[in-house]
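Structure first, then comments.
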4 protein chains.
Amino acid sequence: MDLPLNLAEYEELARQTMPRTHFDYFGGAAADGITARENRRAFEDLALRYRVFADVGDRDLSITLFGRKLDWPVAIAPMAFQQLAHPQAEIATVKAAGRTGTLFVASTMATTSLEDIAAAATGPCWFQLYVYRDRSFTKALVERAEAVGYEALMVTADTPVLGRREQDMRNRFHIPPGVRIKNLEGTPFASFGLDDGGEYTGARYMLASLDPSLTWKDLEWLCSITRLPVIVKGVVRGDDAEQAMKCGAGGIAVSNHGGRQLDSAIATLRALPDVVQGVAGRGEVLVDGGVRRGTDIVKALALGAKAVLLGRPVIWGLATGGEDGVARLLGLLREEFDTALALCGCKSVDRVTRDLIA
Amino acid sequence: MDLPLNLAEYEELARQTMPRTHFDYFGGAAADGITARENRRAFEDLALRYRVFADVGDRDLSITLFGRKLDWPVAIAPMAFQQLAHPQAEIATVKAAGRTGTLFVASTMATTSLEDIAAAATGPCWFQLYVYRDRSFTKALVERAEAVGYEALMVTADTPVLGRREQDMRNRFHIPPGVRIKNLEGTPFASFGLDDGGEYTGARYMLASLDPSLTWKDLEWLCSITRLPVIVKGVVRGDDAEQAMKCGAGGIAVSNHGGRQLDSAIATLRALPDVVQGVAGRGEVLVDGGVRRGTDIVKALALGAKAVLLGRPVIWGLATGGEDGVARLLGLLREEFDTALALCGCKSVDRVTRDLIA
Amino acid sequence: MDLPLNLAEYEELARQTMPRTHFDYFGGAAADGITARENRRAFEDLALRYRVFADVGDRDLSITLFGRKLDWPVAIAPMAFQQLAHPQAEIATVKAAGRTGTLFVASTMATTSLEDIAAAATGPCWFQLYVYRDRSFTKALVERAEAVGYEALMVTADTPVLGRREQDMRNRFHIPPGVRIKNLEGTPFASFGLDDGGEYTGARYMLASLDPSLTWKDLEWLCSITRLPVIVKGVVRGDDAEQAMKCGAGGIAVSNHGGRQLDSAIATLRALPDVVQGVAGRGEVLVDGGVRRGTDIVKALALGAKAVLLGRPVIWGLATGGEDGVARLLGLLREEFDTALALCGCKSVDRVTRDLIA
Amino acid sequence: MDLPLNLAEYEELARQTMPRTHFDYFGGAAADGITARENRRAFEDLALRYRVFADVGDRDLSITLFGRKLDWPVAIAPMAFQQLAHPQAEIATVKAAGRTGTLFVASTMATTSLEDIAAAATGPCWFQLYVYRDRSFTKALVERAEAVGYEALMVTADTPVLGRREQDMRNRFHIPPGVRIKNLEGTPFASFGLDDGGEYTGARYMLASLDPSLTWKDLEWLCSITRLPVIVKGVVRGDDAEQAMKCGAGGIAVSNHGGRQLDSAIATLRALPDVVQGVAGRGEVLVDGGVRRGTDIVKALALGAKAVLLGRPVIWGLATGGEDGVARLLGLLREEFDTALALCGCKSVDRVTRDLIA
């Protein structure tokens with residue numbers, strides 16, 4: 001077969017390559033998958049009013065995020081268990097990120113330790129975490145991340161309990177004994193297995209480790225214990241975004257966890273304008289969920305995002321080609337984004353304005 | 001086969017389990033099924049704007065309805081002929097309701113007497129009735145229901161004549177001789193059979209027993225002969241709801257009979273806000289039609305309902321597993337509702353407000 | 001096979017019964033069939049806000065149209081060539097109309113003479129005509145219709161040229177030599193055949209016989225030569241309807257010729273409110289196109305129509321059962337309409353008001 | 001097989017006739033084909049409010065464009081490589097245009113020289129060009145076009161870089177060695193082949209030849225070096241259209257390159273009203289993208305276009321029948337347009353007004 005020409009073809013290739021249970025874990029969504037579909041449809045529903053004769057000869061795709069210049073406005077979303085997709089796991093992904101100028105966000109649930117990821121990284125990295133019931137452990141995670149040079153923290157806010165992922169229940173999803181959640185070694189949470197009856201334990205795992213009683217005070221606390229900017233991931237409302245800013249957050253990632261948490265949650269692109277208004281310039285806004293084309297990035301930027309997070313497609317690249325697969329996939333998307341910018345009449349990212357959207 | 005993971009899977013299992021004629025009777029709708037589909041679509045069309053960092057650690061799912069505390073805001077809708085789904089019929093259902101803290105609404109058209117149901121019940125029960133042509137018989141039903149402890153009456157208002165249920169006509173639906181409409185023993189209406197030509201007699205049965213000339217005076221009369229709250233079921237308009245309140249009703253069940261009466265009637269969730277406005281706080285508002293997910297309950301509550309009625313899915317649980325089947329199905333839905341509340345950022349039902357709807 | 005339970009089932013039965021060419025002629029539409037589909041969709045898109053406790057015990061379905069009481073608000077639309085559907089042709093249809101209290105509109109293009117139809121009729125009849133190039137012939141038609149008791153004239157306005165009916169072109173549709181357009185005997189237009197090359201001649205036939213140069217003056221002329229009310233069929237605009245009234249018309253039939261003329265013409269039900277406003281009570285408004293259910297009649301009435309015209313379904317009844325087939329089909333629809341009225345809370349047709357539409 | 005009855009049937013016939021790679025080249029679109037589909041859907045979504053009794057007896061389909069009377073408001077869009085569809089290539093097309101009174105727009109990327117096309121033409125021709133990196137070459141093209149009688153220039157503005165045409169990449173689309181881009185003989189751009197690795201080179205070809213740095217100054221320059229009207233093709237915004245007028249353009253062709261450049265660009269018919277407003281009567285507005293029916297031309301005119309450009313369908317006519325195929329296809333469309341005008345109640349093109357659109 002020829003190499004995939006776009007991200008959708010990578011998905012098909014990954015479907016043929018990966019064990020079904022693992023493909024489903026990464027690709028699956030909560031309940032009926034309404035939100036996952038709507039995330040994508042929200043992009044497709046928007047039409048672009050491109051400009052002509054706008055001098056797009058030497059295009060500059062870069063942005064500056066928290067004072068750091070990035071080659072292009074894309075970050076790899078934090079995703080757990082990458083070893084299920086490829087033996088080299090997060091190491092492959094972070095190296096591919098470096099090769100393509102893409103920001104990498106490491107997941108606490110990685111199958112590689114945050115230190116090993118940082119050591120392999122050749123570009124900027126952020127660290128994603130939850131607020132664990134054990135606050136001192138949470139604090140230790142923050143300190144470890146700071147110690148090895150992560151440049152920002154991303155705290156996931158949309159997971160007070162785990163969403164109903166019925167495919168994982170049906171598949172009895174678990175990670176094999178040899179695969180470990182390295183950041184959590186030494187806690188009871190370093191593995192993610194079946195119970196004695198052979199049943200899926202995802203919801204119980206999360207309930208045991210995470211604190212559903214979190215309030216804005218906990219966000220304040222998290223912001224207070226780090227010198228890094230804290231991005232709150234999983235926000236879909238302007239009032240919540242405003243509150244996050246008041247608590248000291250540095251930014252918002254508009255996200256519904258790719259439709260894996262609350263099914264029928266509002267599509268992220270549709271929630272974006274409200275969040276941008278809530279943040280009101282006091283922080284950075286990112287968005288994830290359904291980005292599959294270069295034009296999607298343009299649309300997100302036109303509606304006020306500073307950058308997008310790319311999730312599942314990275315896994316498809318990883319599963320089908322390891323580091324090279326991820327790098328090639330990101331290269332394709334970057335090429336698409338560059339083309340989209342040119343065709344929209346935007347020489348640089350700051351030319352992407354609201355009036356591009358019909 | 002694995003146990004169903006959600007209500008849709010129960011439907012499939014029931015389809016394989018039940019005789020087609022009976023599955024169709026419970027699942028069927030009037031004419032082209034437009035309203036039945038739209039009832040469901042109305043839920044799917046709504047997106048949720050969930051909140052984060054909202055302290056959802058110890059959730060309280062309970063509500064208070066007519067002064068009675070209920071474990072969660074779900075009632076089993078009144079449904080006829082449950083013996084067609086399972087030999088234990090309404091006894092199984094009411095016991096499952098008790099086990100799961102679910103309010104049970106007994107149908108006059110039950111295949112178990114209201115007294116036997118009450119005797120088996122371990123939780124609160126309401127009694128559904130029609131206003132029969134024979135008002136003294138109607139009054140006797142009310143008195144029987146009061147005598148054995150039913151806590152409210154639900155009067156069905158959307159059935160002046162029977163809807164055109166073409167599947168039942170085609171299937172020549174009837175109940176076998178051994179099955180009796182126990183509450184109507186001693187009247188000509190205790191069986192529901194074919195005519196001499198072997199044809200379906202539903203419309204004629206209803207016309208013979210029910211009075212299509214009912215007016216608001218009849219509702220006033222019904223309210224006057226009982227000390228129980230009367231909930232009017234089948235209302236889809238604010239002005240009708242207001243009128244019902246003036247006649248002494250205690251509440252409204254927004255319903256279109258699951259799309260079994262007037263096809264192309266407005267979807268219940270779309271009618272809900274108008275009815276809530278018509279009731280204006282003078283009574284309780286419930287809604288049925290298309291509830292299949294925990295998030296559906298959140299949506300109904302966000303639009304002003306106090307609780308939802310669950311119909312067909314209960315039959316699927318009953319047909320596939322009797323009392324245990326119903327209890328397990330209700331348990332699944334309750335778990336979904338609990339998860340939905342948590343993910344919406346609602347620690348309790350009163351936190352479910354209009355702004356959750358996009 | 002069982003008897004059809006609704007009009008859609010009659011369509012299927014007719015599809016199996018009729019020669020494809022003839023089924024296509026009656027069922028076909030212009031070009032891509034967009035308007036034919038939208039006519040139907042416009043009905044399905046409307047939801048009904050029915051009323052309860054409205055005393056629907058003794059329902060009166062009748063209306064008064066031009067001073068004539070009709071049993072129910074349905075007329076059989078003028079349709080050509082009914083002999084292609086059944087040997088008894090228009091005679092069967094008009095008798096069925098009489099049996100079911102349905103107004104019959106005879107087509108000039110009938111395969112039975114208007115006199116023979118009138119002689120067979122047991123109920124009220126109207127006569128449809130075009131304004132022919134030959135005005136004296138047109139006048140003669142009017143006089144013949146008046147002479148045998150037709151109670152109104154319906155002039156078709158949407159056919160200055162024939163629509164592009166590609167199925168008929170492909171099928172080389174024609175009427176067999178033995179079938180004659182009886183009203184046109186003695187003119188060159190009494191047959192509708194193929195040309196010497198065996199090709200379809202519909203467009204040429206119409207161009208030769210009809211005058212595309214008609215103006216409102218011609219309508220004035222037509223109104224001036226008859227004492228009968230003239231209903232203009234094929235109007236979809238309020239301004240045109242107003243103009244027709246000024247020219248002396250007695251009413252408007254909102255119609256797009258069942259989607260057989262201008263494809264992508266506005267759906268009739270969507271055009272209806274504008275036309276009602278244009279007529280402003282100075283005449284009667286009827287509507288056709290897509291009526292298939294009793295609820296459709298309610299919807300048309302709620303939006304201001306006095307009655308509906310039923311077209312293709314009558315052919316299905318005729319083709320599958322002759323007079324009895326038409327009578328049974330009309331009986332089914334009447335039963336549906338009666339049920340719909342009852343379920344909407346309307347004791348009579350005048351209770352059908354705009355607020356029934358959501 | 002019978003001759004096609006409409007443009008869609010020509011498409012099917014062409015699909016069976018042409019090599020897949022060539023059919024895909026002409027029919028293909030960028031990325032996911034969203035814009036190509038939406039171009040078409042935009043036409044289908046509009047409903048027509050036709051007029052009756054409007055005297056449509058002697059219809060006049062002609063328009064005047066830049067002082068030149070045209071038989072009907074259709075032009076053949078500039079399309080490259082017509083030799084791939086038929087050996088007679090652009091010669092066949094321009095002759096068919098002449099036979100049907102259709103304006104012909106020659107592409108710079110033609111496989112016939114502009115001089116040969118002009119020599120074969122029997123009707124008015126325009127010349128399409130890009131602004132090449134080599135401005136003197138660009139100027140020479142303009143002078144050649146003027147010299148042989150082209151009546152206007154059409155400059156393509158939507159192609160600063162080439163859109164992502166994945167079908168062409170997959171198919172490794174190229175033109176055979178014997179086929180030459182005749183207007184570019186003597187430059188490095190007279191062929192369009194594969195690279196040494198056998199890969200598609202479209203994007204590189206365009207980047208090497210075209211200047212992505214174009215600004216409105218370049219449009220001014222182009223307008224300044226010719227006495228012919230310059231139509232800017234590829235504009236979808238009112239502000240861009242206004243700017244083009246200020247630069248001296250004579251008109252705008254609302255176009256998104258048939259969805260071949262920026263996928264998810266706004267549908268042309270939806271962009272048309274804004275462009276018409278931007279032009280504000282200072283120039284002519286044409287539109288392309290998705291025209292397949294006579295009613296589509298009416299819709300475009302009703303929204304303010306003076307004429308439409310027809311692209312892909314011309315190729316289907318050419319591939320399936322050469323000059324005769326194109327002439328017959330154009331004849332069909334003209335017949336459809338004539339019928340549509342008549343059925344809309346428009347005796348001539350100036351009667352097509354905004355109120356025809358629902």
Side-chain angles (χ1 to χ4, degrees), chain B residues 30-32 34-35 37-38 42 131 133 155-170 172 199-200 203 207 211-220 222 232-241 243-244 247 249 252 256-257 261-267 270-271 274-275, chain C residues 1-11 40-60 269 290-300 302 331-347 351-358:
Chain B
D32 300 312
I34 294 174
T35 291
R37 279 193 299 280
E38 289 298 314
V131 176
R133 286 184 184 270
V155 61
T156 301
D158 59 15
T159 313
V161 302
L162 195 71
R164 292 189 68 83
R165 304 178 186 180
E166 296 175 357
Q167 284 169 299
D168 289 346
M169 296 180 197
R170 182 66 75 214
R172 295 175 170 73
E199 292 301 313
Y200 174 72
L207 194 60
D211 186 350
S213 302
L214 297 179
T215 70
W216 296 108
K217 293 266 176 221
D218 297 285
L219 176 62
E220 267 184 50
L222 183 69
V232 184
K233 177 165 177 280
V235 171
V236 296
R237 299 170 58 109
D239 51 6
D240 274 5
Q243 189 64 42
C247 294
I252 299 291
N256 49 37
H257 221 116
Q261 284 292 102
L262 178 70
D263 195 32
S264 80
I266 185 172
R270 295 189 189 123
D274 184 33
V275 171
Chain C
M1 184 185 159
D2 287 341
L3 283 173
L5 289 177
N6 54 45
L7 275 53
E9 291 188 3
Y10 267 105
E11 180 173 18
R40 181 77 206 114
R41 188 174 305 177
F43 280 105
E44 292 184 347
D45 280 353
L46 291 190
L48 289 167
R49 300 171 63 243
Y50 62 86
R51 301 181 201 111
V52 297
F53 288 121
D55 179 11
V56 294
D58 290 296
R59 290 179 296 285
D60 177 3
L269 198 71
V291 173
R292 296 295 179 268
R293 285 287 186 185
T295 42
D296 297 338
I297 307 174
V298 173
K299 290 171 185 178
L332 268 183
L333 185 63
R334 184 176 169 144
E335 211 172 305
E336 284 192 17
F337 175 55
D338 179 51
T339 298
L341 269 191
L343 295 180
C344 282
C346 299
K347 195 189 185 77
R351 304 281 171 89
V352 178
T353 48
R354 180 67 187 74
D355 62 290
L356 283 178
I357 306 289

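Residue numbering restarts at 1 for every chain, and letters A, B, ... go by the order of the sequence lines. Quick caveat, the model's predicted, so the values are computed rather than measured.
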Contacting moiety of Val131(B), where chain C heavy atoms sit under 4.5 Å:
neither
Are Asp32(B) and Arg293(C) within salt-bridge range, i.e. N to O under 4.0 Å?
yes
Under a 4.0 Å N-O cut-off, is there an ion pair linking Arg40(C) with Asp296(C)?
yes
How would you list, by chain and number, every residue that makes a side-chain contact (heavy atoms from CB on, under 4.5 Å) with Ala47(C), sequence neighbours excluded?
Ile266(B), Ala358(C)
Quick check on Arg172(B) against chain C: is it the side chain, the backbone, both or neither that has a heavy atom closer than 4.5 Å?
side chain
For Lys347(C), is it the side chain, the backbone, both or neither that has a heavy atom under 4.5 Å from a heavy atom of chain B?
neither
Chain C contact via Leu162(B) - which portion, at a heavy-atom distance below 4.5 Å:
backbone
Which residues satisfy the salt bridge (charged side-chain N to carboxylate O under 4.0 Å, His left out) test with Arg351(C), sequence neighbours excluded?
none
Given that the side chain runs from C-beta out, which part of Arg292(C) has a heavy atom under 4.5 Å from chain B: side chain, backbone, both or neither?
neither
Mark yes or no for whether Asp240(B), through its side chain, and Val235(B), through its backbone, hold a donor-acceptor pair below 3.5 Å.
no
If you measure only the distance, is there a donor-acceptor pair under 3.5 Å linking the side chains of Gln261(B) and Arg164(B)?
no
Given the rule in the side-chain contact (heavy atoms from CB on, under 4.5 Å) test, do Glu336(C) and Asn6(C) qualify, once you have shown the distances and angles that lead to the verdict?
CA-CA 9 Å; Glu336(C) 284 192 17; Asn6(C) 54 45; 4.0 Å; yes
Atom group of Arg51(C) that falls short of 4.5 Å from chain B, counting heavy atoms
both
Pick from Gly234(B), Pro212(B), Ala267(B), Ala203(B) with the largest number of heavy-atom pairs that fall under 4.5 Å of chain C
Pro212(B)
Where does Asp355(C) contact chain B at under 4.5 Å (heavy atoms): side chain, backbone, both or neither?
both
Is Asp274(B) reaching over with its side chain to a backbone N or O of Ala271(B), donor-acceptor style, under 3.5 angstrom?
no
Residue part contacting chain B, namely of Thr295(C), when any heavy atom lies under 4.5 Å
side chain
At a heavy-atom separation under 4.5 Å, does Ile357(C) approach chain B through its side chain, its backbone, both, or neither?
neither
If I measure from the heavy atoms of chain B, does Ala342(C) come under 4.5 Å with its side chain, its backbone, both, or neither?
both
